[in-house]
Amino acid sequence: MRIVYMGTPEFAVKPLVKIFEAGHEVVGVYTQPDRQKGRGKKFLPSDVKVAATELGLSVYQPEKLRDKESVDQLRELNPDLVVVAAYGQILSEEVLNIPKYGCVNIHASLLPKYRGASPIEASIMSGDEETGITIMYMAKGLDTGDIISQDSLPIGKHNTETLTQALSELGSELIVKTIEDIASGNSKRIPQNDSESTYAGKLDKSMGRLDYSKSADELERLIRAMYPWPCAYTELDGKTLKIIAADVVELSDGDDSEDNTVKSPGTIVEVTKKYFVIKCADKGLKILKLQPEGKKPMDTVAFLNGYKVNVGQMVQ
């Protein structure tokens, strides 16, 4: 097949490579324009651009794909199929109608659950046992198109970083099989049940603040969901402390004494050489990895070697 591929972040790299290795003719790769990143504000290419360049593929980076010039350019490529994975732009109806077999999207959830921009984070925060990949035909609505294929995997203790990697691998295998089914005329079209749909909107930094009036299990899931961005955080001694990894632990009787200060959610109730525990609404959060303000991520062991933390201190 003549395929145009559209994607931007790391999640979209493995599917591109697998499609290329499967022998399809990738006639063009569309990705977002180079963006300023990091403290140096240097313009850096997307992960997909780097991968496409290494494969020797033609890369296109229109600011707006719906512009006439960009649409004409895509039409000249004459793709049989357009494959999209976290591209970052909405495709116009004009674009959707260009390829012979339409446009398909690699979406990181078991649709119709978690339509939208942050399905991976939403599945972790919700405490789901499994998530997966959906390959669907693209339509005018947001992730509303007919389902072609799906595959699932357990979430376990994945954070967003590791779950994204696992789903990228799953998606790369599924898209190659799905393309074969489309080419042979054996693909399915299963309409989504809109009444079962849920939405996962864009993340912002404020979502990472830890509220210790909530259960420890809920906060532990939030910590995993928010890593690597925007990262869960709290404040200790007036400074921001990003929390990268934690476990849920039962509190001993001594941690839940009649002392109202100790009982307050947000109180540090245990400190050892390796970790400290923060009281939540029910249980405790054992902090295992963190990032102090202005420092690099570190294990709690290293943090406690250079920073004094006491039982009874409050975090906010």
Side-chain angles (χ1 to χ4, degrees), residues 3 5-9 11-12 14-15 18-19 80-156 158 160 163-204 207 217-218 221-222 224-225:
I3 291 177
Y5 189 84
M6 299 181 179
T8 298
F11 169 78
K14 286 183 180 178
K18 285 284 187 179
I19 291 169
D80 294 320
L81 184 72
V82 169
V83 177
V84 180
Y87 175 39
Q89 292 196 41
I90 296 173
L91 273 58
S92 67
E93 190 169 7
E94 187 176 15
V95 168
L96 294 176
N97 291 331
I98 289 175
K100 177 181 177 181
Y101 293 99
C103 301
V104 300
N105 185 39
I106 306 171
H107 186 76
S109 80
L110 297 173
L111 291 171
K113 206 170 187 180
Y114 307 130
R115 295 171 177 173
S118 58
I120 298 174
E121 294 88 347
S123 66
I124 295 174
M125 282 189 283
S126 297
D128 294 349
E129 291 186 1
E130 68 172 12
T131 186
I133 291 290
T134 299
I135 312 293
M136 64 172 183
Y137 284 107
M138 298 183 71
K140 288 176 67 176
L142 179 63
D143 300 328
T144 58
D146 292 347
I147 293 169
I148 311 171
S149 58
Q150 288 184 318
D151 202 356
S152 62
L153 54 73
I155 293 176
H158 274 300
T160 291
L163 187 54
T164 297
Q165 293 166 354
L167 286 169
S168 178
E169 184 65 44
L170 185 67
S172 69
E173 301 291 343
L174 188 59
I175 188 59
V176 170
K177 181 180 182 302
T178 302
I179 291 172
E180 291 173 358
D181 289 341
I182 291 172
S184 64
N186 294 323
S187 63
K188 301 176 182 178
R189 291 192 78 123
I190 305 170
Q192 293 188 45
N193 185 344
D194 290 340
S195 66
E196 296 179 353
S197 70
T198 55
Y199 177 70
K202 290 184 178 181
L203 302 179
D204 64 63
M207 295 173 67
D217 287 294
E218 185 176 354
R221 294 197 301 268
L222 179 68
R224 286 189 286 119

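What you are looking at is a predicted structure, and each value in this text was computed from that prediction instead of being measured.
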**Study point:** Minimum side-chain heavy-atom gap L222-E218 below 4.5 Å
**Key:** no
Trace of the side-chain contact (heavy atoms from CB on, under 4.5 Å) decision for E169 with T164: CA-CA 9 Å; E169 184 65 44; T164 297; over 6 Å; no
For residues 116-133, the salt bridge (charged side-chain N to carboxylate O under 4.0 Å, His left out) pairs (sequence neighbours left out) are K113-D128
Contacts satisfying salt bridge (charged side-chain N to carboxylate O under 4.0 Å, His left out) that involve residues 97-108 (not counting sequence neighbours) are none
> Q192 side chain to G145 main-chain N or O, any donor-acceptor pair under 3.5 Å?
Replying inline: yes
* To do: Please answer whether the main-chain N or O of H158 pairs with a side-chain N or O of R224 as donor and acceptor at a distance below 3.5 Å.
  => yes
Rounding to 0.5 Å, atoms CD1 (I135) and CD1 (I175) come to a distance of 4.0 Å
Tightest non-hydrogen contact, residues R221 and M125, listed as NE-O, 3.0 Å
Verdict with reasoning, I182 to D80, per side-chain contact (heavy atoms from CB on, under 4.5 Å):
CA-CA 10 Å; I182 291 172; D80 294 320; over 6 Å; no
Given the options I120, L163, I124, T131 meets side-chain contact (heavy atoms from CB on, under 4.5 Å) only with L163
Within the distance-only criterion (no hydrogens, no angle test), does the side chain of T134 pair as donor or acceptor with the backbone N or O of Q150 below 3.5 angstrom?
-> no
Between G7 and A12 the two heavy atoms that sit nearest each other are CA-CB, 3.9 Å
- Task: For the pair S197 (side chain) and P112 (backbone), establish whether a donor and an acceptor sit closer than 3.5 Å, ignoring hydrogens and angles.
- Result: no
Original post:
Counting distance only, does the side-chain N/O of S172 pair as donor-acceptor with the main-chain N or O of P15 below 3.5 Å?
Top reply: no
In terms of heavy-atom contacts, S152 and L110 come closest through CB-CD1, 4.1 Å
side-chain contact (heavy atoms from CB on, under 4.5 Å) between I155 and S123, worked out: CA-CA 8 Å; I155 293 176; S123 66; 3.8 Å; yes
Residues pairing under salt bridge (charged side-chain N to carboxylate O under 4.0 Å, His left out) where one sits in residues 178-188, two or more places apart or in two chains, turn out to be K177-D181
One should read off an interatomic distance between I19 CD1 and Y5 OH, to the nearest 0.5 angstrom, of 6.0 Å
Go through it in stages, so that I can follow the logic: the residues are D143 and N105, the test is side-chain contact (heavy atoms from CB on, under 4.5 Å), and I'd like the CA-CA distance, side-chain angles, deciding distance and then a yes or no. CA-CA 8 Å; D143 300 328; N105 185 39; 3.8 Å; yes
Between T144 and A139 the two heavy atoms that sit nearest each other are OG1-CB, 4.2 Å
Q) Does the side chain of R115 come within less than 4.5 Å of D194's, by heavy atoms? A) yes
Looking only at heavy atoms, the pair that brings C103 and P99 closest together is SG-CG, 3.7 Å
Only distances under 3.5 Å count here; give the side-chain donor-acceptor pairs of residues 81-94 to other protein atoms, sequence neighbours excluded, each with its distance to 0.1 Å.
unit_1, atom_1, unit_2, atom_2, d
Y87, OH, Q89, NE2, 3.4
Q89, OE1, L65, N, 2.9
Q89, NE2, Q32, OE1, 2.9
Q89, NE2, P62, O, 3.1
Q89, NE2, E63, O, 3.3
S92, OG, V95, N, 3.3

- Query: Below 4.5 Å, heavy atoms only, C-beta onward: do I179 and I3 meet side chain to side chain?
  - Reply: yes
For T198, the side-chain hydrogen bond (donor to acceptor under 3.5 Å, both in side chains) test, sequence neighbours excluded, returns none
| query | Stepwise, does the side-chain hydrogen bond (donor to acceptor under 3.5 Å, both in side chains) test hold for Y101 with S187? | reply | CA-CA 11 Å; Y101 293 99; S187 63; over 6 Å; no
Nearest heavy-atom approach of T178 to S149 is OG1-OG, 2.7 Å
Output for pair (D151 CG, L167 CG), nearest 0.5 Å, gives 10.0 Å
| So do the side chains of I106 and L174 get within less than 4.5 Å of each other, counting heavy atoms only? | no
Across all chains, not counting sequence neighbours, the side-chain hydrogen bond (donor to acceptor under 3.5 Å, both in side chains) partners of S109 are H107
